[in-house]
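Worksheet: the structure to be examined is printed underneath.
Numbers here simply count residues along the sequence, with the first being 1. First listed ligand is number 1; within each ligand, the first listed atom is number 1. Scope of the values below: all heavy atoms of this structure, side chains included, with no hydrogens, waters or symmetry mates.
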Amino acid sequence: MDPAASDSRAPDLAVVIPVLNEAPNVAPMVECLRAALGDIAWEAIFVDDDSTDGTREAVAAIGRQDTRVRLLHRVGRRGLASAFVEGALASFAPCVAAIDGDLQHDETLLPAMYAALTEEGYELAIGSRYIAGGGLGEWDRTRAGMSGFATRLARVVLKVPMSDPMSGFFMLRRETLLAALPRLSAIGFKILLDVVASLPAPPRIKELPYQFRTRSAGESKLDAGVLRDYLMLLADKVVGEYVPVRFLMFAAVGALGIALHLVVLRLSLGLLTAHFGVAQSIATAAAIVANFWLNNFFTFRDRRLRGLAMLKGLAIFALICSVGAFANVSVAVFLFSPVVHEAWWLAGLSGAAMSLVWNYAVSSLFTWRSWRRA
Ligand code: GDD
Ligand code: MN
């Protein structure tokens with residue numbers, strides 16, 4: 001074994017590398033870190049979300065030779081942001097960096113970031129694509145446009161100006177991360193934005209330009225879910241202290257369900273000239289199925305049910321909703337009698353609110369259980 005490929009010093013810098021199916025990139029990544037970090041006592045923590053392409057084996061093969069290279073294996077979990085947070089918390093190094101595992105970030109910047117934190121008094125060093133010297137590499141116009149739009153949107157929740165809040169390449173002091181931790185959302189991809197928006201006071205930030213490189217092996221994990229996660233993160237930053245964003249989405253889906261119910265009811269009565277009871281049953285069934293689908297796709301996307309589990313989930317959801325409807329009517333009737341009869345809408349709303357809370361709480365416990373394997 002090459003003695004230079006290991007280090008008995010306690011690490012001063014933890015480099016956290018979220019990876020999902022990045023097997024061919026693991027060894028080159030470690031080589032890049034070895035070359036870039038020189039004298040710094042570092043450790044690399046690969047956080048792997050149960051990859052199926054041999055990523056963990058690739059990490060282990062190196063870790064057996066070089067104890068600076070470690071692995072955190074998560075099962076039934078997803079998300080770049082939570083992967084970073086958990087990787088960072090698995091280390092006691094005073095400085096922590098986040099870098100992609102696909103060689104798209106410029107690791108040669110790491111020593112300058114480290115100096116910014118340890119010698120220049122900054123709390124956060126960010127690799128930026130949007131200052132002089134930085135760039136998007138070979139991104140097409142659509143992707144560049146989306147990134148620009150997301151960056152402008154970020155200003156809504158940020159108290160400090162940052163040229164590239166979407167960057168996934170940064171380094172911060174451990175204390176800074178710990179200060180952000182209690183308010184962290186850890187939803188989706190955008191952990192830097194999350195950290196900065198969660199800090200009690202604006203950090204001292206140094207921005208360093210870099211060119212986003214082209215991916216040479218493996219595939220990007222960016223999909224439509226990333227946009228949804230991003231909007232959820234922003235919403236959580238704005239209202240999350242008062243009410244969970246997931247609950248708001250569930251309520252919005254519920255409102256759509258009511259609209260759909262009325263449309264289907266009208267159509268069934270008009271087109272099918274169905275009996276009211278039949279029409280109401282058709283409308284109820286349509287609303288339940290549509291709500292289940294929307295919640296499965298949006299509200300609980302991270303716990304999405306597929307195949308047989310989806311059918312089972314639908315049955316459980318329908319059952320929960322019927323109990324919810326029963327609770328709704330009971331509460332409304334109970335309030336309606338003692339309350340002045342003019343406040344019928346208040347009784348009605350209270351009943352609806354009751355079933356909304358019930359449906360949400362019990363569905364997140366039983367229909368979309370968080371501990372189910374993905
Ligand atoms: N553990 C884990 N879990 N890792 C993940 C997951 C996940 O759910 N999703 C993606 N990764 C890993 C990838 O394996 C890769 O190492 C890194 O996170 C970035 O994922 P990519 O899919 O390559 O992202 P990208 O190139 O589209 O996006 C990058 O650019 C953005 C700038 O707009 C990322 O660096 C983002 O962090 C950055 O914000
Ligand atoms: Mn990438």
Side-chain angles (χ1 to χ4, degrees), residues 15-30 32-33 44-56 58-59 70-90 97-107 109 126-130 134-140 142-154 162-171 186-196 210-230 233-234 301-304 374:
V15 182
V16 179
I17 314 166
V19 278
L20 187 60
N21 295 330
E22 301 287 359
N25 291 320
V26 169
M29 186 72 206
V30 175
C32 286
L33 293 179
I45 303 170
F46 285 86
V47 186
D48 174 76
D49 283 351
D50 218 17
S51 293
T52 49
D53 71 338
T55 298
R56 281 185 306 288
V59 175
R70 299 170 48 199
L71 172 71
L72 179 60
H73 177 188
R74 307 196 305 169
V75 176
R77 305 282 307 280
R78 273 296 153 84
L80 194 48
S82 63
F84 166 73
V85 174
E86 288 166 32
L89 292 178
I99 188 167
D100 285 358
D102 57 4
L103 308 164
Q104 290 196 275
H105 291 157
D106 184 357
E107 74 291 335
L109 234 60
I126 304 173
S128 170
R129 299 160 296 168
Y130 296 120
L136 292 176
E138 287 179 10
W139 270 15
D140 59 42
T142 324
R143 176 93 206 250
M146 272 172 58
S147 177
F149 175 68
T151 302
R152 283 191 293 282
L153 211 58
M162 279 157 62
S163 67
D164 194 357
M166 299 296 116
S167 178
F169 182 32
F170 60 92
M171 192 186 292
I187 301 172
F189 257 52
K190 300 303 166 195
I191 182 66
L192 173 63
L193 174 76
D194 194 1
V195 167
V196 175
Y210 81 100
Q211 289 283 341
F212 201 75
R213 294 183 194 140
T214 305
R215 199 186 242 282
S216 56
E219 285 165 13
S220 171
K221 278 80 201 175
L222 202 83
D223 61 12
V226 171
L227 177 64
R228 168 219 170 255
D229 286 347
Y230 181 57
L233 171 66
L234 292 185
R301 189 186 178 88
D302 52 331
R303 310 178 192 169
R304 195 146 116 213

**OP:** Give the C-alpha distance, both sets of side-chain angles, the deciding distance and a yes or no for side-chain contact (heavy atoms from CB on, under 4.5 Å) between Val85 and Asp194.
**Re:** CA-CA 11 Å; Val85 174; Asp194 194 1; over 6 Å; no

**OP:** Give the C-alpha distance, both sets of side-chain angles, the deciding distance and a yes or no for side-chain contact (heavy atoms from CB on, under 4.5 Å) between Leu192 and Met162.
**Re:** CA-CA 10 Å; Leu192 173 63; Met162 279 157 62; 3.8 Å; yes

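With hydrogens and angles disregarded, no donor-acceptor distance shorter than 3.5 Å links the side chain of Tyr210 to the backbone of Leu109. Remark: the backbone N or O of Ser82 is not paired with any side-chain donor or acceptor of Arg77 at under 3.5 angstrom. Between the side chain of Gln104 and the main chain of Arg213, a donor-acceptor pair closer than 3.5 Å is present. A distance-only check finds no donor-acceptor pair linking the side chain of Lys190 to the backbone of Leu233 [under 3.5 Å]. No donor-acceptor distance shorter than 3.5 angstrom exists from the side chain of Asp50 to the backbone of Gly76, with no hydrogens or angles considered. The backbone N or O of Glu22 sits less than 3.5 Å from a side-chain atom of Thr55, completing a donor-acceptor pair. Using modelled atom types, no side-chain atom of Asp100 and backbone atom of Asp102 make a donor-acceptor pair closer than 3.5 Å.
Within the 4.5 Å cutoff, the side chain of Leu103 has heavy atoms near those of the Pro28 side chain.
Among all non-hydrogen protein atoms, the one lying nearest atom 18 (O) of ligand 1 is Leu80 CD1, 3.0 Å. In terms of protein heavy-atom proximity, atom 12 (C) of ligand 1 is closest to Pro18 O, 3.3 Å. Residue, atom and distance of the protein heavy atom nearest to atom 15 (C) of ligand 1 are Glu22 OE2, 3.3 Å. Protein heavy atom at the shortest distance from atom 5 (C) of ligand 1 is Leu20 CB, 3.8 Å. In this structure, the protein non-hydrogen atom closest to atom 8 (O) of ligand 1 is Gly79 N, 2.8 Å.
In this structure, Phe212 has a heavy atom closer than 4.0 Å to ligand 1. Remark: distances from the non-hydrogen atoms of Arg129 to ligand 1 include one below 4.0 Å. Under a 4.0 angstrom heavy-atom cut-off, Arg74 registers as lying outside contact with ligand 1. Glu219 does not count as a contact of ligand 1, since none of its heavy atoms falls under 4.0 Å from the ligand.
For residue Asp100, no N/O/S atom approaches the Mn ion (ligand 2) to within less than 2.8 Å. Among the atoms of Ser220, none of the N, O or S atoms falls under 2.8 Å from the Mn ion (ligand 2).
Here Asp49 pairs with Arg74 under the salt bridge (Lys or Arg N to Asp or Glu O under 4.0 Å) rule; sequence neighbours left out.
The side chain to side chain donor-acceptor pair (under 3.5 Å) test with Tyr130 is passed by exactly one of Ser167, Ser147, Ser163: Ser147.
Close approach to Gly168 involves these atoms of ligand 1, each under 4.0 Å from a residue heavy atom: 37 (O), 38 (C), 39 (O). If you number the atoms of ligand 1 from 1 as listed, the ones under 4.0 Å from a heavy atom of His105 come out as 35 (O). Interface atoms of ligand 1 facing Val47, defined by a heavy-atom separation under 4.0 Å, are 1 (N). Near Leu222, meaning under 4.0 Å from one of its heavy atoms, ligand 1 places the atoms 22 (O), 27 (O). Contact atoms of ligand 1 toward Asp49: 1 (N), 2 (C), 3 (N), 7 (C), 8 (O) (distance under 4.0 Å to a heavy atom of the residue).
Residue-to-ligand polar distances place Arg143 within reach of ligand 1: an N/O pair is separated by less than 3.5 Å. Looking at ligand 1, you'll find an N or O of Arg215 within less than 3.5 Å of one of its N or O atoms. Remark: ligand 1 and Phe189 share no N or O pair separated by less than 3.5 Å (distance only, no angle test). Residue Ala83 has no N or O atom closer than 3.5 Å to an N or O atom of ligand 1. Between Arg78 and ligand 1, no pair of N/O atoms sits closer than 3.5 Å.
Nearest approach of Gly101 to Asn25, heavy atoms of both residues: O-CB, 3.2 Å.
Of the listed options Leu192, Asp100, Val226, Leu136, Asp100 places a heavy atom closest to atom 19 (C) of ligand 1. Remark: among candidates Lys221, Lys190, Gln104, Arg213, the nearest residue to atom 31 (C) of ligand 1 is Lys190, based on non-hydrogen atoms.
The aromatic rings of Phe169 and His105 sit parallel to each other, their planes meeting at less than 30°, with 60° as the upper class boundary.
Closest N/O/S atom of Asp102 to the Mn ion (ligand 2): OD2.
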